[in-house]
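Take a look at the structure set out below.
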Amino acid sequence: MANSVATVFVGEWGYRSWRNDTDLGKQPKDLLFGRGTIRIKESSAHILKGTIGGDDWSLDLYGSRSYGNPMTVRFRGMGVVDGSEWIYDYVGYLVPEWPNGKQQRTAMVGSIVRAISHPGSDGGTNPAGVVASWYAVKRS
């Protein structure tokens with residue numbers, strides 16, 4: 001994970017989020033909340049700007065990044081998808097580098113909450129307040 005502190009968050013990340021469910025019998029595909037690509041742009045040291053998106057959806061990101069222990073991001077994703085406004089709030093933490101780690105990739109882990117309701121792909125409504133967990137792995 002050889003990144004300078006100033007650019008550790010900048011770049012493209014493969015993103016997945018998962019419903020928080022205690023039923024170990026559920027298949028991973030049934031717990032997938034979202035997936036896509038996070039693109040964090042260069043900006044001032046403590047500002048986070050970018051996009052998150054996948055097939056048929058994209059949100060603009062705006063928030064903050066801090067370089068403590070752990071390094072932290074907090075941002076809001078906003079956009080219009082199929083004519084409906086989507087807003088999600090994210091918090092995430094840079095995964096520390098293991099001193100004895102092998103094949104470790106730069107990664108973030110965190111939590112996401114749907115800030116407002118929006119229509120679902122099944123014709124129903126995806127309600128506000130739903131919380132999921134997410135991770136993202138930085139692409140080289």
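Bear in mind that the values here come from a model prediction, so they are computed numbers and not experimental data.
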For the pair Arg39 and Ser58, evaluate side-chain contact (heavy atoms from CB on, under 4.5 Å) and give the outcome as yes or no after the intermediate values. CA-CA 11 Å; Arg39 290 181 179 88; Ser58 180; over 6 Å; no

Chi angles and distances behind the side-chain contact (heavy atoms from CB on, under 4.5 Å) call for Phe9, Leu94: CA-CA 8 Å; Phe9 293 116; Leu94 192 69; 4.2 Å; yes

Assess whether side-chain contact (heavy atoms from CB on, under 4.5 Å) is satisfied between Asp82 and Trp57, documenting all intermediate values. CA-CA 8 Å; Asp82 291 331; Trp57 67 280; over 6 Å; no

Show the numbers, then the answer: is there a side-chain contact (heavy atoms from CB on, under 4.5 Å) between Arg76 and Tyr62? CA-CA 6 Å; Arg76 173 165 269 195; Tyr62 186 79; 5.9 Å; no

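One distance of note links OG of Ser66 with CG of Leu48; it measures 11.0 Å at 0.5 Å rounding. Here Met108 contributes atom CE and Trp134 contributes atom CH2; the two are 4.0 Å apart, rounded to the nearest 0.5 Å. Here NZ of Lys102 is found 11.0 Å from CD of Gln104. Values are rounded to the nearest 0.5 Å. Here the straight-line distance linking atom CD1 of Ile87 with atom CE of Met78 works out to 4.0 Å at 0.5 Å rounding. Separation of atoms CD (Glu12) and CD1 (Ile38) is listed at 10.5 Å; rounding is to 0.5 Å. Note that CG of Asp60 is 11.5 Å distant from CD1 of Ile52, once rounded to the nearest 0.5 Å.
The nearest pair of heavy atoms linking Gly77 to Leu61 is CA-CD2, 3.6 Å. Minimum heavy-atom separation, Arg65 to Ile47: NE-O, 2.7 Å. Contact record, Val130 with Pro127: CG2-O, 3.5 Å, taken as the closest heavy-atom pair.
The closest side-chain heavy-atom distance from Pro28 to Trp18 is below 4.5 Å.
Checked against salt bridge (Lys or Arg N to Asp or Glu O under 4.0 Å), Arg74 has no partners two or more places apart in sequence or in another chain.
Using modelled atom types, one side-chain atom of Ser117 and one backbone atom of Ala128 make a donor-acceptor pair closer than 3.5 Å. Using a distance-only test at 3.5 Å, with no hydrogens or angles considered, a donor-acceptor pair links the side chain of Arg19 to the main chain of Leu32. Of the possible donor and acceptor atoms, one in the side chain of Arg105 sits under 3.5 Å from a partner among the backbone N and O of Lys138.
Both Tyr90 and Val8 are part of a single hydrophobic cluster, where members link through side-chain heavy atoms under 4.5 Å apart.
Shown here is Asp55, whose CG atom has no more than 12 heavy atoms of other residues, nucleotides or ligands within 6.0 Å.
Using modelled atom types and a 3.5 Å distance limit, the side chains of Tyr15 and Ser17 yield a donor-acceptor pair.
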